[in-house]
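Since the structure comes first, as structure tokens, the remarks are kept for the end.
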Amino acid sequence: MNSFRESMQQVLQETAGSIYPLLTDLASQAANTYTLVARWLFPLLSLVILVRCLVPLIRERSTDTVWGYLVLANGTSIPVRNWENLIGRGKYADIVVNFPVISRSHAVLTFRNGSWTIADLGSKGGITVNDVKVDKAQEIQFGDVISLAGIDMALVPPVQNEALVPTGAAGNSGDTDEEKDFTLNSTVTLMLLFLFQVLAVVQLFASRASMTLAALPVFGIFFLTELFHYFIMRKLQSKSIELEILVYFLCGLNLALVASAAPSDLKKQLAAILIGIAAYTVITWLCLDLGRARRLKYLALVGGVLLLILNLAFGERIYGARNWINLGFITFQPLEFVKIAFVLAGTATLDRLLTTRNMTAFIAFTGACIITLALIRDFGTAVVFFGAFLVIAFMYSGDLRTLFLVTAGAAFAGIAVVTFMPYIAMRFAAWGKVWQYADSSGFQQTRTMIAAASGGLFGVGSGNGYLKNIAAADTDLVFGILCEEWGMLVALCVVLVIVFFVFYAVLLTKNSRSAFYAIAACGAATIFLLQTALNVLGSVDVLPLTGVTIPFISNGGSSMVASWGLLAMIRSAV
């Protein structure tokens, strides 16, 4: 009996020993087959999601609300459609009053805190309200008679019957029947995004990377958060929700990259996304009212100054720059949050832009930011701040001569930095010839280019890359790991999303409710574009490697929260 039992045990062991390798081989083949199929599906889904989001956003019109009418003495009724309106005979005026005595930029009519004001822009003919000369901004009521250089008009309240508005009146625009009939269901787009993200999670497990079952709750919470936030934003606003879906797409890729390259950071990154979404929702709500938005600006300025002081006093050096604050239980980068304050610092309403053009406070805050960045040796971020400063300052003043002088001074300072700081000089010494320094200062970039090339159009599969083993692969070199694991097509879709944010911000400036929102949107979009350009082009040696992140894609909690905050600046301009 014992011998029979031993014989059966031996047979079972031999059978198990032969089946286990077979099962392992079958599992490996199934994983490889899935990876092969998924590599083709991911670019296709990315492109479909991208198109379904971009088309509604491009076709979207700002809410065509008539806030009142300016009725001229001859009976012409001109609708007032903005919170801030430039009145003049110039073709760029919001309300064109084409009389020779009217200046090209004659006055600004502003709606704020429930009341209207009018301000003279230094016109030759001047302004009177009810026959009283206006020297400064003057509050007006419906029914008041406004005289611009002797041309009388009255501000009257909006009426329900839009037929009273003359065809072709200034600012009158409406969607055609074809435009109204053409719609793309955003819920379908969200479901396609869920499919993309679920396939990505399966791919991570199929790659046999360092993914464990403990990572599943992280992705599950992210999926539920996307769904919850989607329906919340649908309730809070009547605008297209596709802008948020685009960022859900980027954040999903971010979690997949972190799961592949730094799985221990997965929970931290999820927390940053959740905080970022909460910050985005709050800032968007605050900016719905221009008065609240202006108060937010001053609060952000105070907070920005305090963060600069905190960074200078307690900043710790990591990877060359002293831009980290360690609180024991968490580390963060204060300068990431200063970006939001920086953008808000440059904003201004139209009456202030055209009547004072005072940039002193913004220039002082910009100088404080760049000096702080120079002291902590974060010159990549300094380039981003300076580029954003040029865009905001041009929108604020339109003074090309001053901007040219500022740029020349910055170029001189840049040459001095490269000359006298060996750390920066070493980066520039390898620029354009990193293959000569492949084992020293060019190590990261050469490996990035090898990895990006090996990924081809469709990638090797999430979790299957080599570059994730290189230092800073998921931050400074994230474009390389994106190309290697996800392929050039998906990587280009990511870059196109960031570029679209810039295009969208510029598109919004035409019908933005206030110059405040237009400047904020363009400033935020400029930061997104510059960071992406420096990261992508720096990692492949077109530009020096500067160590900045790609918004929403690179691993980093501070960067993720700040990116959501900046996105709120763009959304608020709609």
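Please read these numbers as outputs of a predicted model, since none were measured by experiment.
Between Leu567 and Val247 the shortest side-chain heavy-atom distance falls below 4.5 Å.
Using a distance-only test at 3.5 Å, with no hydrogens or angles considered, no donor-acceptor pair links the side chain of Arg104 to the main chain of Lys91. With hydrogens and angles ignored, the 3.5 Å screen pairs no side-chain donor or acceptor of Tyr92 with any backbone N or O of Ser105. Side chain of Gln333 to backbone of Ile325: no donor-acceptor contact under 3.5 angstrom is found. At least one donor-acceptor pair closer than 3.5 Å links the side chain of Asn535 to the backbone N or O of Asp476. For the pair Ser240 (side chain) and Glu242 (backbone), a donor-acceptor distance under 3.5 Å is absent. Counting only distance, with no hydrogens or angles, the side chain of Gln445 and the backbone of Gly538 share a donor-acceptor pair below 3.5 Å. In terms of modelled atom types and a separation under 3.5 Å, the side chain of Arg294 and the main chain of Phe516 share no donor-acceptor contact.
Of the inter-residue distances, the one linking Leu57 atom CG with Ile241 atom CD1 reads 10.0 Å to the nearest 0.5 angstrom. Taking CG of Leu45 as the start and CG of Leu192 as the end, the distance is 6.5 Å to the nearest 0.5 Å. Rounded to the nearest 0.5 Å, atoms CG (Asn82) and CD1 (Ile95) are 8.0 Å apart. To the nearest 0.5 Å, atom SG of residue Cys493 and atom CG of residue Leu250 are 10.5 Å apart. Atom CD1 in Ile553 sits 8.0 Å away from atom SG in Cys251 (nearest 0.5 Å). Note that CZ of Phe479 is 10.0 Å distant from OG1 of Thr532, once rounded to the nearest 0.5 Å.
The heavy-atom pair separating Asp474 from Ala262 by the smallest distance is OD2-CB, 3.5 Å. Minimum interatomic distance between Asn555 and Asn254 (heavy atoms only, all atoms of both residues): N-ND2, 4.0 Å. Between Leu350 and Ala515 the shortest heavy-atom distance is N-CB, 3.9 Å. Nearest heavy atom pair, residue Ile245 against residue Ser186, reads CD1-O, 3.7 Å. A pairwise comparison of heavy atoms in Val548 and Gly380 identifies CG1-C, 3.6 Å as the closest pair.
Each of Phe194, Phe196, Phe552 was compared with Phe249 under the ring-ring contact (aromatic ring centres under 6.0 Å, His included) criterion, and only Phe196 meets it. Of the candidates Lys297, Met569, Arg571, Cys287 forms a side-chain contact (heavy atoms from CB on, under 4.5 Å) with just one, namely Met569. Each of Ser563, Ser558, Ser559 was scored for a side chain to side chain donor-acceptor pair (under 3.5 Å) with Thr549, with one residue passing: Ser559.
Within a 6.0 Å sphere centred on CZ of Arg292, heavy atoms belonging to other residues, nucleotides or ligands number more than 12.
With ring centers used as reference points, Phe389 lies 6.0 Å or more from Phe342.
Side chains of His229 and Tyr248: a donor-acceptor N/O pair is present below 3.5 angstrom, by distance only.
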task = Dump the intermediate steps for side chain to side chain contact (heavy atoms under 4.5 Å, CB included) on Phe111 and Val80, then the final yes or no.
result = CA-CA 10 Å; Phe111 179 72; Val80 179; over 6 Å; no
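A search for side chain to side chain donor-acceptor pair (under 3.5 Å) contacts involving Tyr517 returns nothing, not counting sequence neighbours.
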